[in-house]
Amino acid sequence: MPQNSRIFYQFLGLHSLLIGIFPFYIPVYLWKQGFDLGAVAFFISLSGLGFCMGMWVWDRLRWKISLISLMGVSVLLEIALLLNVQYLDMSAKVLVLLGVIYGVYNSFFWTTQRALFFDLVTVDNSGRKYGNFQIFVGLLLQIGILIGGLLLETASFIYLLYVSALIGIVGMFFLWRSQLPYPETLTSRPSIKLRDVIGFKDQESSRTVFIVDGFYLFLESFFWIISLFLLVHESFSTLGLIVMVLAVIFGLLFYLLKNTIDKLGRKRVYLFAVSVYGIAWGLRAVVSDQLALEVLFLVLVLITFFTSFFRLAMNKRFYDLAKTTIGHDYLIIKSYYSQLSIMVCFGLVAFAASHLEHNENLLEPIYWIAAITAPAFFFYGAKRYR
């Protein structure tokens, strides 16, 4: 395996494990601490602000420190997030700090990860490469989720902090021995300026889709996790087990799909992916513990398959368009628009939820809204792949 690919997978594996141990559980951990859906939405909105701030710093810091140092910053930010959870009282002020730190952490991890992955793919192999790394992420993430679920269920949070810090330090020790230079895609262009983001426009409806996708990213990673948590009667370990079973199915599906998606008709595959993605949100709206166990399991499997297939198809289109248009800048601009969308959309959700006593009841109508608005993804690259 080439050195740049090996370092990418080491970095990805380290963070996948760390994310599984705690950041995956943040929405349900906040829930167990007494924060309602409105507070969680406020946290998400703040994370969008933190992401934009962190990405602005990242885009300038990459000129001043090594790539391995940039990776080390992302690990330190993850540990800083855990330290704040451990040593500060869970109050509204702390929620603001946690939200911003979480966003900054995400910016350093995801922006570095996407830049490295972008350097490894071509238009002809982006689907297969993305499938490979999703399977790899899924495996390490599930190990972390099982560890985190058991620690949260049976032990003090301090042990979770110790385990995460130890894994982070050991992981960075192995990464630090590498002298991998920055990919050329990171050094060939200057930092993005605000006017570049505001003035961005293309014929692929990219800006519109970037804004729409921001809303969906945290519906998947936060609100849906809360729904599953409520479904398993607020058990961390049971949630971890359910997610692990679904992840095994997810891995099998990705293994079957990843080697064929680059060869199939791009237009038809993408149209099918968007269609079933909308159906997945409709299914989320009707999920209930009142369903028969076998029906519930089937629905969860379908949601996992439809969502995974959409993410595979969309990310292939995303990296293909980046490769054939403005390169690395496309990745940065996407993040700015998506994160600004997260700030606004979840800020509005937080405001609406603050006026409801049982605001968890908002989940169902939000899922229906997501199902209805999912066809907006049809416009992404529609002219190019007509």
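The residues of the chain are indexed from 1 along the displayed sequence.
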Run the numbers on Leu246 and Ile303 for side chain to side chain contact (heavy atoms under 4.5 Å, CB included), then give the verdict. CA-CA 10 Å; Leu246 293 174; Ile303 290 170; over 6 Å; no

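- In this model, no donor atom of one side chain and acceptor atom of the other lie less than 3.5 Å apart for Ser206 and Tyr337.
- Classification of Arg311 and Asp213 as a salt-bridged pair holds, one side-chain N sitting under 4.0 Å from a carboxylate O.
- Residue Ala374 comes nearest to Gly278 through the heavy atom pair CB-CA, 3.7 Å, listed as atom of the first residue, atom of the second, then distance.
- In this structure, Ala115 and His328 approach most closely via the heavy-atom pair CB-NE2, 3.7 Å.
- From Ser335, atom OG reaches atom CH2 of Trp58 across 9.5 Å, with rounding to the nearest 0.5 Å.
- Among all heavy-atom pairs drawn from Leu116 and Leu67, the shortest one is CD2-CD2, 3.9 Å.
- Distance check: Ile158 CD1 to Leu151 CG gives 11.5 Å after rounding to the nearest 0.5 Å.
- When the shell of 6.0 Å around CZ of Phe136 is examined, it contains more than 12 heavy atoms from other residues, nucleotides or ligands.
- Contact of the His233 side chain with the Thr238 side chain is not registered, since no non-hydrogen atoms from C-beta on lie closer than 4.5 Å.
- There is a side-chain donor-acceptor pair under 3.5 Å between Thr307 and Arg284.
- Paired with Tyr330 under the rule ring pair (Phe, Tyr, Trp, His ring centres under 6.0 Å), one option of Phe118, Tyr319, Phe210 passes, and it is Phe210.
- Within the 3.5 Å criterion, the main-chain N or O of Ile211 finds a donor-acceptor partner in the side chain of Ser341.
- Side chain of Ser354 to backbone of Phe351: a donor-acceptor contact under 3.5 angstrom is found.
- Using a 4.5 Å cut-off on side-chain heavy atoms (C-beta onward), Trp224 and Leu219 make no contact.
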Going through the distances and angles, do Tyr25 and Tyr29 end up as a ring-ring contact (aromatic ring centres under 6.0 Å, His included)? CA-CA 6 Å; Tyr25 287 102; Tyr29 187 82; 9.2 Å; no

Please assess Val301 against Phe297 for the test side chain to side chain contact (heavy atoms under 4.5 Å, CB included), listing each intermediate value before the final yes or no. CA-CA 6 Å; Val301 169; Phe297 182 72; 3.8 Å; yes

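- Contact annotation: the side chain of Tyr367 never approaches that of Val287 to less than 4.5 Å [non-hydrogen atoms, C-beta and beyond].
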I would like to know whether Phe157 and Phe22 meet ring-ring contact (aromatic ring centres under 6.0 Å, His included); could you show each step before the answer? CA-CA 10 Å; Phe157 186 87; Phe22 183 69; 5.1 Å; yes

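- Inter-residue side-chain proximity for Asn361 and Leu356 is flagged as unmet; no heavy-atom pair is nearer than 4.5 Å.
- Under a hydrophobic clustering in which Ile, Leu, Val, Met, Phe, Trp and Tyr are joined whenever their side-chain heavy atoms come within less than 4.5 Å, directly or via other members, Leu12 and Ile169 fall into different clusters.
- The closest donor-acceptor contact from the side chain of Asn84 to the backbone of Leu98 lies at 3.5 Å or more, if one exists at all.
- The minimum heavy-atom distance linking Met244 with Leu146 is given by the pair SD-CD1, 3.3 Å.
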With ring-ring contact (aromatic ring centres under 6.0 Å, His included) as the criterion, how do Phe346 and Phe223 come out once you've worked through the C-alpha distance, each side chain's angles and the decisive distance to 0.1 Å? CA-CA 11 Å; Phe346 285 96; Phe223 279 22; 5.5 Å; yes

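- Counting heavy atoms from C-beta on, the side chains of Tyr216 and Tyr277 come closer than 4.5 Å.
- The minimum heavy-atom distance between Gln113 and Phe11, with the atom names listed, is N-CE2, 4.0 Å.
- Leu231 and Leu241 fall into different hydrophobic clusters, where Ile, Leu, Val, Met, Phe, Trp and Tyr residues are linked whenever their side-chain heavy atoms come under 4.5 Å apart, directly or through other members.
- The closest donor-acceptor contact from the side chain of Ser164 to the backbone of Leu160 lies under 3.5 Å.
- Between Ile21 and Ile167, the closest side-chain pair of non-hydrogen atoms falls below 4.5 Å.
- Ser191 contributes a side-chain N or O that, together with a main-chain N or O of Asp59, makes up a donor-acceptor pair within less than 3.5 Å.
- Aromatic pair Phe236/Phe229: centroids less than 6.0 angstrom apart.
- Here the side chains of Phe51 and Val104 are not in contact, with every heavy-atom distance at 4.5 Å or above.
- The aromatic ring centroids of Phe272 and Phe309 lie less than 6.0 Å from each other.
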Verdict with reasoning, Trp56 to Tyr336, per side chain to side chain contact (heavy atoms under 4.5 Å, CB included): CA-CA 9 Å; Trp56 189 90; Tyr336 273 118; 3.6 Å; yes

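- Relative ring orientation between Phe109 and Tyr105 is described as parallel, the plane-to-plane angle staying below 30° on a 0-90° scale split at 30° and 60°.
- Expressed to the nearest 0.5 Å, how far NZ of Lys193 lies from CG of Asp196 amounts to 6.5 Å.
- How far CG of Leu61 is from CZ of Phe108: 5.5 Å, rounded to the nearest 0.5 Å.
- Under a hydrophobic-cluster definition in which Ile, Leu, Val, Met, Phe, Trp and Tyr are linked whenever side-chain heavy atoms come within less than 4.5 Å, directly or via other members, Met314 and Phe379 are assigned to different clusters.
- Residues Phe215 and Cys345 share a closest heavy-atom pair of CD1-CB, 3.9 Å.
- The CG atom of Leu217 lies 5.5 Å from the CD1 atom of Ile342; values are rounded to the nearest 0.5 Å.
- Contact check on Arg317 versus Glu204 returns no salt bridge, with no Lys/Arg side-chain nitrogen under 4.0 Å from an Asp/Glu carboxylate oxygen.
- Taking CG from Asp36 and CD from Glu357, the interatomic distance works out to 11.0 Å, rounded to the nearest 0.5 Å.
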For Phe318 and Tyr380: C-alpha separation, side-chain torsions, deciding distance, then whether ring-ring contact (aromatic ring centres under 6.0 Å, His included) applies. CA-CA 9 Å; Phe318 170 67; Tyr380 191 36; 7.3 Å; no

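- Under the 4.5 Å side-chain contact rule for hydrophobic residues, Leu76 and Phe173 do not share a cluster.
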Tell me, with the steps shown, if Leu30 and Leu95 meet side chain to side chain contact (heavy atoms under 4.5 Å, CB included). CA-CA 9 Å; Leu30 293 175; Leu95 194 68; 3.9 Å; yes

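- Taking the side chain as every heavy atom from C-beta outward, Met71 and Ile7 approach each other to under 4.5 Å.
- Taken together through direct or relayed side-chain contacts under 4.5 Å among Ile, Leu, Val, Met, Phe, Trp and Tyr, Phe310 and Ile369 form parts of separate hydrophobic clusters.
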